[in-house]
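All values derive from a computational prediction rather than experimental measurement.
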Amino acid sequence: MDYIIEMLGITKEFPGIIANDNVTLQLARGEIHALLGENGAGKSTLMSVLFGMYQPEEGVIKKNGQEVHIKDPNDANHLGIGMVHQHFKLVHNFTVLENIILGVETTANGFLKMDKARKRVVELSNQYGLRVDPDALISDITVGMQQRVEILKMLYRDNEILIFDEPTAVLTPQEIEELMKIMKGLAAEGKSILFITHKLNEIKAVANRCTVLRKGKYIGTVDVADTSMEQMSEMMVGRKVSLQVEKGETQPGEVILETEGLTVRSKATGKNVVDHVSLSVRAGEIVCIAGIDGNGQSELVYALTGLIRPDEGTIRLNGKDITHASIRERNISGMGHIPEDRHRHGLVLDYSLAYNLVLQTYFTPRFQKSGMLKFDAINDYANGLIQKFDIRSGQGANTVARSMSGGNQQKAIVAREVDRNPDLLIAVQPTRGLDVGAIEYIHKQLIAERDSGKGILLVSLELDEVMNVSDRILVIYEGEIVAELDPKQVSVQELGLYMAGSKRGNQA
């Protein structure tokens, strides 16, 4: 085989953990090669070594059969290697065009020359079907569009080896389909693509070959066409994983959460982003809010959890009006919240895992006395949760949250919220960016909470999750609840039509 990149025997260590343990990866010219593994398996670390962000302790990297030394991302760029990171590296108050040329600007007498750059960006976006507005600010465009900007950044630099790190974690089903087409188009043009993921159906859809890592070790490379999703998931997790969600019939009880006419207006446009939403969640049921990203889900959750004040309407928790209650009052009254942005609203990234696990309870007598924290009690509690919820971290309770893999950060939030034993758990995209093992685990936690009589409000963009986990589906479109559906009675296609606003049902 004609390999454009070979990573041979790569070992990379961090304090307390060997992230890559003698890993070999060979990328053939013009192929889409998937890199599959659980969260924390070492996928992103391996790609960061290839992109020059980390230096390996051992191993060799070759390009076109010649050994190369990649000291930093600039070296990687000179070798034609580009990377779209899982958390995009864009400057939010710059335009699309400014972001694309950042670092490789054309100047004359100290002034930026934008005309040629603009022409080239427009040509590239037409050639690869990446429609973007060069003058739009990054802060004003959707996540799917931001990803196109990242891809155009690589193409603008003439990169021939493209690394995509979890590229679909933040996209809607329609955007994912679009991205798959773009990737196939890039490979057809002769680009070689490394595609980090843990979504087996995406590997089946686009990849030629797949290399599997588990706990930092190389497990094997397979031809995607000849390998089933079950086989791949077993290689990745080391045991058989149920790709189906198993749950019994729901037994709904008392109403736990109720909203009436809840309305949130946009500060910028004055439009209702949440438009007179009335809904209820009962004990022992999972109610899912389904919709395409940007239809008011985030604002609805912010209003329910106290992150923003609603403009109209009421929120009742266990019959008590909490419309104007503080976040702490809501937490104490029985509300748990797994936020959609784990970095912004879920964790204090520079705190230790132990501190993150007591963020809502540090002020209780269990963890403080006379205003002084009880460090032993906090550490014992954290160690208990690490054990119970299988949170993997290099230095246990002392691990800085920022250094943990996305899946383990998410497990920490789930552990913290579930262990507080709330009556209502609001879970917003709880499995976003997680592997099949972690997804199976979090779904089991949600169903266990439901079965123990808790009310769960799930907000999800993953149609499989919406269909498999929920007992009742409320479709949100432009801030309104446009349909209440039974997952057993509705097809994915029909759900998609409601989500796109081309079909309306009976109001919930």
[X]/[Y] ion pair, N-O < 4.0 Å:
X: Asp390; Y: Lys411; answer: yes
X: Arg239; Y: Glu234; answer: no
X: Lys215; Y: Asp21; answer: no
X: Arg450; Y: Glu285; answer: no

request  = Please lay out, stage by stage, how Asn356 and Val348 fare under the test side-chain contact (heavy atoms from CB on, under 4.5 Å).
outcome  = CA-CA 7 Å; Asn356 273 291; Val348 181; 4.0 Å; yes
Is the side chain of [X] donor-acceptor paired with the backbone N or O of [Y] at a distance under 3.5 Å, no angle test?
X: Ser266; Y: Val273; value: no
X: Ser403; Y: Val400; value: yes
X: Glu254; Y: Ala283; value: no
X: Arg330; Y: Thr323; value: yes
X: Ser393; Y: Gln395; value: no
X: Gln231; Y: Ser228; value: yes
X: Asn318; Y: Lys320; value: no
X: Ser352; Y: Tyr355; value: yes
X: Gln489; Y: Asp486; value: no
X: Asp165; Y: Val84; value: no

Taking the side chain as every heavy atom from C-beta outward, state whether [X] and [Y] have any pair of such atoms under 4.5 Å apart.
X: Phe195; Y: Val206; result: yes
X: Arg209; Y: Val222; result: no
X: Ile289; Y: Leu300; result: yes
X: Cys288; Y: Arg472; result: no
X: Leu495; Y: Leu485; result: yes
X: Leu186; Y: Phe164; result: yes
X: Leu194; Y: Ile32; result: no
X: Asp423; Y: Leu257; result: no

To check you understand the geometry: which heavy-atom pair defines the closest contact between [X] and [Y], and what is its length?
X: Val23; Y: Gly216; result: CG2-O, 3.3 Å
X: Arg420; Y: Met335; result: NH2-O, 3.0 Å
X: Ile193; Y: Ala187; result: CD1-N, 4.3 Å
X: Ala290; Y: Val466; result: CB-CG1, 4.0 Å
X: Gly291; Y: Leu461; result: O-CD2, 3.1 Å
X: Gly30; Y: Ser192; result: N-OG, 2.9 Å

Between [X] and [Y], does any side-chain donor sit less than 3.5 Å from a side-chain acceptor?
X: Glu329; Y: Ser326; answer: yes
X: Glu465; Y: Thr431; answer: yes
X: Lys247; Y: Asn468; answer: no
X: Thr221; Y: Thr211; answer: yes
X: His33; Y: Gln26; answer: no

Neighbour count above 12 (heavy atom, 6.0 Å) for [X] [atom1]:
X: Glu494; atom1: CD; answer: yes
X: His324; atom1: NE2; answer: no
X: Lys217; atom1: NZ; answer: no

request  = Only counting residues at least two apart or in another chain, list the ones meeting salt bridge (Lys or Arg N to Asp or Glu O under 4.0 Å) with Glu260.
outcome  = Arg316
task = Please identify each residue that fulfils salt bridge (Lys or Arg N to Asp or Glu O under 4.0 Å) with Lys89, with sequence neighbours left out.
result = none
query = Would Ile256 and Arg282 satisfy side-chain contact (heavy atoms from CB on, under 4.5 Å), going step by step from the backbone distance to the final call?
reply = CA-CA 5 Å; Ile256 299 227; Arg282 291 170 301 180; 5.8 Å; no
Atom pair [atom1] ([X]) and [atom2] ([Y]), whose distance is rounded to the nearest 0.5 Å:
X: Leu27; Y: Asn208; atom1: CG; atom2: CG; answer: 10.0 Å
X: Thr399; Y: Arg392; atom1: OG1; atom2: CZ; answer: 13.5 Å
X: Ile322; Y: Ser333; atom1: CD1; atom2: OG; answer: 6.5 Å
X: Phe51; Y: Leu46; atom1: CZ; atom2: CG; answer: 14.0 Å
X: Ile442; Y: Ile338; atom1: CD1; atom2: CD1; answer: 7.0 Å
X: Glu202; Y: Thr197; atom1: CD; atom2: OG1; answer: 4.5 Å

request  = Please lay out, stage by stage, how Leu347 and Ile413 fare under the test side-chain contact (heavy atoms from CB on, under 4.5 Å).
outcome  = CA-CA 8 Å; Leu347 299 164; Ile413 295 170; 3.8 Å; yes
query = Taking Val482 as the fixed residue, which of Glu480, Glu484, Glu478 is the one that meets the side-chain contact (heavy atoms from CB on, under 4.5 Å) rule?
reply = Glu480
inquiry  = Lys43 vs Met47, test: side-chain contact (heavy atoms from CB on, under 4.5 Å). Steps then yes/no.
reply    = CA-CA 6 Å; Lys43 310 181 296 291; Met47 290 301 97; 5.9 Å; no
request  = For Thr45, enumerate each residue passing the side chain to side chain contact (heavy atoms under 4.5 Å, CB included) test, keeping only those at least two apart in sequence or located in another chain.
outcome  = Lys12, Phe14, Ala19, Asn20, Tyr54
task = Output all residues satisfying side-chain hydrogen bond (donor to acceptor under 3.5 Å, both in side chains) with Asp350, sequence neighbours left out; order by chain, then residue number.
result = Arg402
key: Contacts of Thr250 that satisfy side-chain hydrogen bond (donor to acceptor under 3.5 Å, both in side chains) - sequence neighbours left out   =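 With sequence neighbours excluded, Thr250 shows a side-chain hydrogen bond (donor to acceptor under 3.5 Å, both in side chains) to no residue whatsoever.
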ask   = Got a sec, which pairs hit side-chain hydrogen bond (donor to acceptor under 3.5 Å, both in side chains) with one end in residues 298-313, sequence neighbours left out?
value = Arg265-Glu312, His276-Glu312, Ser298-Glu340
task = Quick one: do Thr364 and Thr361 satisfy side chain to side chain donor-acceptor pair (under 3.5 Å)? Show the steps, please.
result = CA-CA 6 Å; Thr364 59; Thr361 46; 5.2 Å; no
